[in-house]
Number of protein chains: 2
Amino acid sequence: MKDILEQLKQQGYKLTKPREKVLEVLMHNHFAISAQDIHQKIKIIDKASVYRVLNLLEEFGLVNIENVNNEKLYCLARDPHHHVICKKCGYSEEVACTYSFDDFKNFINVQHQLTLTGLCKKCSN
Amino acid sequence: MKDILEQLKQQGYKLTKPREKVLEVLMHNHFAISAQDIHQKIKIIDKASVYRVLNLLEEFGLVNIENVNNEKLYCLARDPHHHVICKKCGYSEEVACTYSFDDFKNFINVQHQLTLTGLCKKCSN
DNA sequence: ATAGCTATTGCAAATGATTTGCAATTGTGA
DNA sequence: TCACAATTGCAAATCATTTGCAATAGCTAT
Ligand SMILES: [Mn+2]
Ligand SMILES: [Mn+2]
Ligand SMILES: [Zn+2]
Ligand SMILES: [Zn+2]
């Protein structure tokens, strides 16, 4: 985490409580989590600020994002990976990303967002 | 299209103008399109109804959905495929889906949603 | 340690996509 | 043609996310 805060500082961004707290949550939460749920865990921080931090992290490519049910789920971009998410209970597991989608004729800088949804063992009973 | 309407009728759904019109738009639009844009093209139909039709099609697995900038983009599920979408202008191209993501230990019925975003030729100048 | 400047915050209000309640309308099968 | 349930349009509600703005808090140079 220090690394990330430092990296931001290098870019001229201040080291503030919202940035520290949001990163803390992301660090301790290896799976996909929404802005709302992040805010739930750190109510001292205003929701708007949570969103602002997440958008900053997104700009810097420091988070992976996926969309489920009209909300964005975030997690720190460590190794390239994705998540399988249970549509019913929200439980998710990490899946290594072994794919590359990059050779396009008419596009450059193509990024991929792979969202896998299904039913977890529990919910399929 | 007749096929799809028939298929719905078989399931006990009525053959209505909103369903006909929305399907018509999807038929003639091979790329990813939003509910808003669909409504734009058929203002005779109420926006709420557009959403209701799209949700119905989703239930039946008749559309592919991807999320870009907090809105869902729809297109008829013909052959498995995805889209590369320009982040700047929205231009999109179809990409065949040659991937399979299905063997999971703790999940069943896993569906994938792959969204590719980048910059199109035009916008990268 | 202090002061000053600017980035960043919290708050409240705005936005934009999507959903919902309900009364009026329409498709369907009898 | 009738009757009934499904579906619609409309307006209001929701829900996630963004934004304007005045107050606050980092950072840098005194
Ligand atoms: Mn993760
Ligand atoms: Mn398509
Ligand atoms: Zn589950
Ligand atoms: Zn473009």
Side-chain angles (χ1 to χ4, degrees), chain A residues 2 4-26 32-60 63 65-75 85 87 90 113 115, chain B residues 2 4-26 32-60 63 65-75 85 87 90 113 115:
Chain A
K2 285 290 178 231
I4 294 182
L5 286 174
E6 278 316 308
Q7 183 175 340
L8 289 177
K9 193 164 184 180
Q10 239 72 78
Q11 313 281 334
Y13 290 91
K14 292 180 180 172
L15 206 153
T16 67
K17 188 163 299 182
R19 288 170 184 161
E20 193 183 325
K21 288 296 184 188
V22 170
L23 271 171
E24 209 171 286
V25 171
L26 287 174
I33 185 172
S34 67
Q36 305 284 336
D37 287 352
I38 291 174
H39 176 248
Q40 186 67 12
K41 300 195 174 205
I42 41 176
K43 294 227 198 56
I44 328 107
I45 306 302
D46 189 76
K47 203 178 281 183
S49 299
V50 171
Y51 280 103
R52 282 187 282 236
V53 174
L54 291 172
N55 288 339
L56 183 63
L57 295 175
E58 180 178 6
E59 266 182 51
F60 280 80
V63 281
I65 303 181
E66 33 213 325
N67 270 278
V68 179
N69 288 141
N70 295 318
E71 81 178 342
K72 288 182 177 171
L73 303 185
Y74 298 82
C75 93
I85 303 170
K87 266 183 177 166
Q113 181 210 307
T115 301
Chain B
K2 285 290 177 231
I4 295 181
L5 286 175
E6 278 316 308
Q7 184 176 339
L8 289 178
K9 193 163 184 181
Q10 239 72 79
Q11 314 280 334
Y13 290 91
K14 292 182 179 172
L15 206 153
T16 68
K17 187 163 298 183
R19 286 170 185 163
E20 193 183 325
K21 288 295 184 188
V22 170
L23 271 172
E24 209 170 286
V25 171
L26 288 174
I33 186 172
S34 68
Q36 305 284 337
D37 288 352
I38 291 175
H39 177 248
Q40 186 68 10
K41 301 195 174 207
I42 40 176
K43 295 229 198 54
I44 328 106
I45 307 303
D46 190 77
K47 204 179 281 184
S49 299
V50 171
Y51 279 103
R52 282 186 282 235
V53 173
L54 291 172
N55 287 339
L56 183 63
L57 294 175
E58 181 179 6
E59 265 182 51
F60 280 81
V63 281
I65 304 181
E66 34 213 325
N67 267 278
V68 179
N69 288 143
N70 296 318
E71 82 179 340
K72 287 182 178 171
L73 303 184
Y74 297 82
C75 93
I85 303 171
K87 265 183 178 166
Q113 181 210 307
T115 301

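The model shown is predicted, which means the values in this text are computed figures rather than measured ones. Note that these values count all heavy atoms, side chains included, but never hydrogens, waters or copies made by symmetry. Throughout, a chain's letter reflects where its sequence line sits, starting with A, and its residues are numbered from 1.
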Participant: Starting from P on C:dA7, measure out to CZ on A:Arg19 and report it in whole angstrom.
Facilitator: 11 Å
Participant: Check whether any side-chain heavy atom of B:Gln113 lies under 4.5 Å from a side-chain heavy atom of A:Glu66, and answer yes or no.
Facilitator: no
Participant: In whole angstroms, how far is the C1' atom of C:dT18 from the CG atom of B:Leu57?
Facilitator: 16 Å
Participant: Please classify the nucleic acid contact of A:Leu56 as base, sugar-phosphate, or nothing, using heavy-atom distances under 4.0 Å.
Facilitator: nothing
Participant: Tell me whether the side-chain N/O atoms of B:Arg52 come closer than 4.0 Å to OP1 or OP2 in C:dT19.
Facilitator: no
Participant: Does A:Ser49 put a side-chain nitrogen or oxygen below 4.0 Å from OP1 or OP2 of C:dT8?
Facilitator: no
Participant: Give a yes or no on whether the backbone of B:Leu5 and the side-chain of B:Arg19 come within a donor-acceptor separation of less than 3.5 Å.
Facilitator: no
Participant: Distance check: side-chain N/O of B:Lys17 vs OP1/OP2 of C:dT25, anything under 4.0 Å?
Facilitator: no
Participant: Answer whether the closest heavy-atom distance between the side chains of B:Leu54 and B:Ile38 falls below 4.5 Å.
Facilitator: yes
Participant: Of A:Tyr13 and A:Ala48, whose nearest nucleotide on DNA chain C comes first from the 5' end?
Facilitator: A:Tyr13
Participant: How does DNA chain C look in dot-bracket form if you count Watson-Crick and G-U pairs under 3.5 Å, write [ ] for pairs that cross, and put | where a base pairs with another strand?
Facilitator: ||||||||||||||||||||||||||||||
Participant: Counting only heavy atoms not in A:Lys72 (residues, nucleotides, ligands), do more than 12 fall under 6.0 Å from its NZ?
Facilitator: yes
Participant: Can you confirm whether the side chains of A:Gln7 and A:Tyr13 place a donor and an acceptor under 3.5 Å from each other?
Facilitator: no
Participant: Could you check how far CG of A:Asn70 sits from P of C:dT19, rounded to whole Å?
Facilitator: 6 Å
Participant: Reading DNA chain C from 5' onward, which residue's closest nucleotide shows up sooner: B:Leu15 or A:Ile44?
Facilitator: A:Ile44
Participant: Within this structure, what is the NZ-to-P distance between A:Lys72 and C:dA17, rounded to whole angstrom?
Facilitator: 13 Å
Participant: For B:Leu8 and C:dG27, what is the distance between atoms CG and P respectively, to the nearest whole Å?
Facilitator: 16 Å
Participant: A:Asn67 has an atom CG; how far is it from atom P of C:dA17, in whole Å?
Facilitator: 14 Å
Participant: Rounded to whole Å, how long is the line connecting atom CG of B:Asp46 with atom C1' of C:dA23?
Facilitator: 14 Å
Participant: Which nucleotide of DNA chain D is the first, and which the last, in the 5' to 3' direction, to come under 4.0 Å of a heavy atom belonging to chain A?
Facilitator: D:dA16 to D:dC27
Participant: OP1, OP2 of C:dT18 versus side-chain N and O of B:Asn55: anything below 4.0 Å?
Facilitator: no
Participant: Can you check the B:Lys9 NZ to C:dG29 C1' distance for me, whole Å?
Facilitator: 10 Å
Participant: Show, in sequence, the C-alpha distance, side-chain angles and deciding distance for B:Lys47 and B:Gln36, and conclude whether the side-chain contact (heavy atoms from CB on, under 4.5 Å) test is met.
Facilitator: CA-CA 8 Å; B:Lys47 204 179 281 184; B:Gln36 305 284 337; 3.1 Å; yes
Participant: Are any non-hydrogen side-chain atoms of A:Lys41 and A:Ile33 less than 4.5 angstrom apart?
Facilitator: yes
Participant: May I ask you to say what B:Leu54 touches in the nucleic acid, namely base, sugar-phosphate or nothing, with a heavy-atom cut-off under 4.0 Å?
Facilitator: nothing
